[in-house]
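Accompanying notes for the structure given below.
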Amino acid sequence: MGEGRETDKTAGKKPLSLNIVSTRNAHRGFGAGMIDLSNVSSIIIDGDEAYIDIGAMHAKSKVERGIRFTPNKEEVPGGRTVWIVWVAVDRSRESGAYYAGLTACEMKIDTEKRIGWKILADHVNKMDHAMKRRFVLDGLNEREAQALKRVLVEHNPGMWERSPQELKDKLEQLCGSGGH
């Protein structure tokens, strides 16, 4: 068997990979019931700045690139707090798209030392909560909540208007809370 040659067992077979299958079609074969991430996005909150960064879906947002992450917060004593907010979007037949679920995940990043802290399981669970149409924004301070609200409204004022009152109330409460 030479280098680069396929074996009889692998010839013509495609490698197994993660399939993301939309729930809108009648597909019921291999991969049925997989998670549909097509309506999930991510917003980064870094100090007073909040912006959409789809790279966070694969841990490759602007603030994460080049950072070695550890699960030990003590290893990042000089890190600044950065949030990833998972945003699930849904569409109403009557009125259109709206923000259906938002969850915030904390990270600490020390850009100078190129080290950061985050709990991957928390990020996965919070993404799942957003996809299940929950609003979990615990931990955001007033400044961070204002930056989040600003990017949601500026991105699409109509989507903000159509969003559930629960989201608006949570953000208003955080925007006026004065901190953690």
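The figures here come from the full heavy-atom set of this structure, side chains too, leaving out hydrogens, waters and symmetry mates.
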Open item on the list: Checking the side chain of Arg143 only, and the main-chain atoms of Asp48 only, is there a donor and an acceptor separated by less than 3.5 Å?
Closed with: no
Task: Candidate pair Val63 and Thr111, rule side chain to side chain contact (heavy atoms under 4.5 Å, CB included), full reasoning - done: CA-CA 8 Å; Val63 295; Thr111 306; over 6 Å; no
TODO: Measure across Ala147 and Ala50 and return the closest heavy-atom pair with its distance rounded to 0.1 Å.
DONE: O-CB, 3.4 Å
Task: Reported CD-to-CZ distance for the pair Glu94 and Arg162, which is rounded to 0.5 angstrom - done: 12.0 Å
TODO: Can you measure from CD (Glu49) to CG (Asp46) and round to the nearest 0.5 angstrom?
DONE: 6.5 Å
TODO: Using the salt bridge (Lys or Arg N to Asp or Glu O under 4.0 Å) rule, take Arg114 and Asp110 through it: C-alpha gap first, then chi angles, then the decisive distance, then the call.
DONE: CA-CA 6 Å; Arg114 302 176 68 81; Asp110 187 329; over 6 Å; no
Task: Contact check, side chains of Val151 and Ile45, non-hydrogen atoms, under 4.5 Å - done: no
Open item on the list: Just verifying a value: how many Å separate Ile84 CD1 and Met57 CE, rounded to the nearest 0.5 Å?
Closed with: 10.5 Å
Task: Between CH2 on residue Trp83 and CG on residue Asn141, distance to nearest 0.5 Å - done: 8.5 Å
Open item on the list: Any heavy-atom pair between the side chains of Leu148 and Leu102 that's under 4.5 Å?
Closed with: yes
Task: Approximate separation, where rounding is to 0.5 Å, of Arg134 CZ and Leu167 CG - done: 15.5 Å
- [ ] Determine whether Met127 and Thr103 make a side-chain contact, defined as any pair of heavy atoms from C-beta on separated by less than 4.5 Å.
- [x] no
TODO: With side chain to side chain contact (heavy atoms under 4.5 Å, CB included) as the test, would you mind laying out the steps for Val76 and Ile109 before giving the verdict?
DONE: CA-CA 7 Å; Val76 193; Ile109 296 181; over 6 Å; no
Task: Presence of salt bridge, Asp53 and Lys62, under 4.0 angstrom - done: no
Open item on the list: For Gln165, I'd like to know if atom CD has over 12 heavy atoms of other residues, nucleotides or ligands within 6.0 Å.
Closed with: yes
Task: Ring geometry between Trp160 and Tyr99 (parallel below 30°, tilted from 30 to 60°, perpendicular above 60°) - done: tilted
Open item on the list: Quick check: do Ile54 and Ser41 have side-chain heavy atoms less than 4.5 Å from each other?
Closed with: yes
TODO: Say whether Val153 and Phe135 are linked into one hydrophobic cluster, either directly or through other cluster members, by side-chain heavy-atom distances under 4.5 angstrom.
DONE: yes
- [ ] Indicate yes or no: at least one non-hydrogen side-chain atom of Glu64 is less than 4.5 angstrom from one of Lys118.
- [x] yes
- [ ] Step through the shown structure and confirm whether more than 12 heavy atoms of other residues, nucleotides or ligands are within 6.0 Å of CZ on Arg91.
- [x] no
- [ ] Could you tell me whether Lys73 sits above the aromatic face of Trp117, with NZ or CZ closer than 6.0 angstrom to the six-membered ring centre and within 45 degrees of the axis?
- [x] yes
TODO: Say whether Tyr51 and Met107 are linked into one hydrophobic cluster, either directly or through other cluster members, by side-chain heavy-atom distances under 4.5 angstrom.
DONE: yes
Open item on the list: Let me check something: do Val85 and Ile52 share a hydrophobic cluster, defined by ILVMFWY side-chain heavy atoms less than 4.5 Å apart, either directly or through other members?
Closed with: yes
Open item on the list: Is the shortest side-chain heavy-atom distance between Val87 and Val40 below 4.5 Å?
Closed with: no
Task: Connected via hydrophobic side-chain network under 4.5 Å: Ile115 and Ile119 - done: yes
Open item on the list: Hydrophobic clustering (ILVMFWY, side-chain heavy atoms < 4.5 Å, transitive) - are Ile43 and Met131 grouped together?
Closed with: yes
Task: Heavy-atom donor-acceptor pair, Asn125 side chain to Ala121 backbone, under 3.5 Å - done: yes
Open item on the list: A side-chain contact here means heavy atoms from C-beta on lying under 4.5 Å apart; do Leu174 and Glu142 qualify?
Closed with: no
- [ ] Could you tell me the separation between the CD atom of Gln173 and the CG atom of Leu140, rounded to the nearest 0.5 Å?
- [x] 12.0 Å
Task: Six-ring centre of Phe69, Lys108 cation under 6.0 angstrom, axis tolerance 45° - done: no
Task: Any donor-acceptor N or O pair under 3.5 Å, side chains Lys168, Ser163 - done: no
